[in-house]
Structures are given as structure tokens and as C-alpha cells.
Amino acid sequence: MTTFPLPAISSQIEHRLASAVREGLSSRPKRLPPWLFYDEAGSRLFDEITERPEYYLTRTERGILAAHGERIIALAAQAAADRPARNDPARLRITELGAGSADKTRLLLAAAVARQGTVVYEPVDVSASALDAARERIEREIAGVTVFPRVMDYSHQFELAPTSDRRLVLYIGSSIGNFDPWQAAELLRCIRSGLEPGDGFLLGVDLVKDEPTLLAAYDDVAGVTADFNLNLLTRLNRELGANFDLDSFEHRAIWNAPESRIEMHLESRIAQRVWLNGLDLGVEFEAGETIHTENSYKYRPGQAEAMLAAAGFAPVETWTDAQGWFSVCLGRVA
Ligand code: AVI
């Protein structure tokens with residue numbers, strides 16, 4: 001076997017990546033997990049996607065938070081009638097799963113600062129560099145916010161430092177939609193178990209709508225989503241010494257109505273064999289065969305509240321845009 005020098009990445013991530021790719025490309029049908037999208041280039045491409053006119057999700061959710069941010073903060077801070085507040089008056093701290101660009105979060109942070117003068121913001125992410133960037137940007141841009149970043153893989157374990165504040169945990173941006181229903185249920189239960197009575201949880205979900213609108217959001221005319229999907233192969237070429245020829249793969253977005261999800265695939269245009277040096281693995285593709293790279297579930301009205309209730313949250317209020325495209329639901333730990 002030829003040895004291939006892998007670039008220096010943390011051994012934990014290297015191991016996780018190697019085993020996910022080996023397992024996914026050896027499966028039938030072939031698949032790769034969506035967390036592989038988010039290397040530096042992929043994170044930048046995702047930010048670009050959120051600015052494409054076809055990707056209605058970000059601006060629709062932002063509109064909901066702009067219209068209802070103050071009420072969301074007020075409800076989250078409100079002491080549950082049957083439970084004493086842990087401090088008086090209840091101070092909120094805002095915890096966000098996935099640091100992202102925090103563009104929409106600033107609406108809630110500003111509402112919290114307006115209500116209580118200052119606020120602690122805890123972005124949670126696996127990437128320390130994403131958290132550093134979030135801290136630097138938010139402390140510079142929003143007066144009154146103190147950022148305590150937490151490096152954590154919240155999909156596996158959710159443990160936060162005890163606080164006398166009431167927490168509002170944000171899981172917005174339709175991120176829950178990238179998990180299969182059983183994984184989503186498990187994740188919500190895991191989050192719930194890390195919270196205390198009276199704490200709030202804000203979930204942003206994308207709703208089912210007409211197929212052309214859904215498909216366009218995941219196959220924009222400028223090709224940014226295609227680049228985002230194909231960048232995954234660039235990452236495997238770089239980090240696992242693979243020889244994927246990007247021109248021989250094509251981005252595909254499919255609406256799977258029975259499963260209520262958009263699927264993203266990478267379709268091989270030709271019959272070919274790809275070699276992954278770092279895994280000492282050869283992978284055969286038939287012409288037209290795909291690698292399934294992402295699911296993005298879309299929900300029906302009422303489904304998000306049912307998911308919250310099943311995980312042990314009492315649904316408090318739901319806000320939806322005028323077109324009925326996106327919902328933000330607040331739940332509270334009973
Ligand atoms: C991060 N996640 C919620 C996005 C979504 O819409 O499922 C990822 C994405 N994939 C393609 N476009 C955006």
C-alpha cells in the first residue's frame with residue numbers, strides 16, 4: 001500500500017470522518033453524513049446559500065424573530081406560575097446550539113438586552129474556531145452581551161454549567177430537519193434532560209409547501225447549493241487522499257413526499273472507480289448511482305409542538321409567517 005500523508009487534523013475528527021466515510025461509501029445505497037459539509041469552505045458556502053433568493057428559510061425565520069422577538073423573550077423569562085423563579089426577577093441567559101453566523105440570534109439578544117440590561121449568550125458548537133469568531137463578532141457588535149462559548153457535541157451529550165439564570169435554548173434555522181425523526185426525538189429528549197424546570201426551548205422548523213419552492217431552495221440557479229454538495233468530495237480528496245473527479249458527479253435535489261423531506265444526492269454521471277488512499281478503499285459507481293448526502297425534513301403545522309411535547313416540553317406558543325412557510329415554537333420544561 002502507498003502511504004499517503006494526511007493533513008494534521010484533530011485525531012478525533014480524523015477518526016470520526018474516516019469511519020463515517022468508510023461505512024457510508026460501503027453501504028447500499030451509498031450515503032455520507034451531512035456534518036461532513038461543514039469544513040471551512042462548506043461553512044462559507046452555507047452562509048452564501050442563506051443569502052440566495054431561492055433559500056427562503058433564513059429570511060422567513062428572521063422575519064418571524066424580528067416581529068416576535070420581544071414576546072419570545074418575555075414569555076421565556078416569565079416565571080412558570082406554579083414554580084418559584086430561581087432568581088427574582090427572572091434573568092434569562094441564551095444558549096444556542098450551533099454557533100452559525102448568529103445573524104438571526106442578534107434579534108433575540110437585542111430583545112433580551114432591552115428587557116434586562118445585559119445578557120449572557122452561550123453558543124454551543126463542536127468547532128472552537130467557529131465559537132471564537134462568534135464571540136469576537138457578537139461582543140463587538142451588541143453592547144450588553146457577554147459570550148461564554150461552550151465546545152460540545154450536543155448531538156451526543158448535552159451538559160451545561162449550573163446557573164441561577166433561567167435558560168432559553170435556541171435550536172433555530174431548521175437544523176432539527178437534518179435528523180431522521182427517531183434521531184430528532186432522541187436529540188430533543190437529550191436536550192430536555194440537560195435543562196431545569198422553567199427553562200425554555202425555541203425550535204425553528206421548515207414547513208411543507210409546494211414542491212417547486214422546496215426544490216428551488218435546494219437547487220438554486222446560481223449553483224451555490226450544488227457547489228456546497230460537491231465540496232464534500234473536495235474535502236474527501238484533501239483529507240482522505242481520494243481521487244473524486246468533481247466533473248463526473250452532479251448535484252441532485254429530490255422531494256421525497258412520503259418521507260416529507262428534501263434529499264440531496266451526488267450522482268455519478270458515469271460508471272467509475274474512485275480510490276480513497278487514506279482509507280485504502282476503492283469504491284465502484286454505476287452510471288446514475290448516487291451518494292445520499294442530506295435529508296432536510298419539512299413538517300406539517302402542529303408537528304413541531306408534538307415533537308416538543310413528546311420530549312417533555314410544554315408547548316407555550318408558536319409563530320408562523322403569513323405564507324405559512326416556517327414556524328418557530330417555544331416550549332418550556334414543565
Ligand atoms: C443546516 N440545514 C438546516 C440546511 C437545510 O436547509 O437543511 C442545510 C442545507 N442544505 C442545503 N441547503 C442548506
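These numbers were taken from a predicted model, which means no experiment stands behind them. When a ligand or atom number is given, it counts from 1 through the structure's own listing order. Below, each value reflects all heavy atoms present in this structure, side chains not excepted, and no hydrogens, waters or symmetry copies.
Asp199 contributes a side-chain N or O that, together with a main-chain N or O of Glu196, makes up a donor-acceptor pair within less than 3.5 Å.
Residue Tyr55 approaches ligand 1 through these ligand atoms, each under 4.0 Å from one of its heavy atoms: 4 (C), 5 (C), 6 (O), 12 (N), 13 (C). Every atom of ligand 1 with a heavy atom of Ser174 under 4.0 Å away is listed here by number and element: 3 (C). In the vicinity of Ser296, heavy-atom distances shorter than 4.0 Å reach the ligand 1 atoms 5 (C), 6 (O), 7 (O). Which parts of ligand 1 touch Gly173 is read off a 4.0 Å heavy-atom cut-off, strictly below it: atoms 3 (C). Shown in contact with Tyr38 at under 4.0 Å from a heavy atom are these atoms of ligand 1, numbered in order with element: 1 (C), 8 (C).
In the hydrophobic clustering of this structure, Ile142 groups with Leu170; members are Ile, Leu, Val, Met, Phe, Trp, Tyr whose side-chain heavy atoms approach within less than 4.5 Å, directly or through other members.
For Ser248 and Arg269, the side-chain atoms include no donor-acceptor pair closer than 3.5 Å.
In this structure, Arg261 forms no cation-pi arrangement with Trp255, as its terminal cationic atom is not both closer than 6.0 Å to the ring centre and no more than 45° off the ring axis.
Contacts of Asn178 with ligand 1, taken as heavy-atom pairs under 4.0 Å, involve the side chain alone.
When ring centroids are compared, Tyr56 and Phe326 stay outside the 6.0 Å threshold.
Heavy atoms of Phe228 come nearer than 4.0 angstrom to ligand 1 in at least one pair.
Of all heavy-atom pairs between Ile73 and Ala112, the closest is CG2-CA, 3.9 Å.
Any N or O atom pair closer than 3.5 Å counts here, and Tyr218 shares at least one such pair with ligand 1.
For Lys298, the side-chain hydrogen bond (donor to acceptor under 3.5 Å, both in side chains) test picks out Asp206, Tyr218, Ser296, with sequence neighbours left out.
Counting only heavy atoms of the protein, atom 10 (N) of ligand 1 lies nearest to Glu294 OE1, 2.7 Å.
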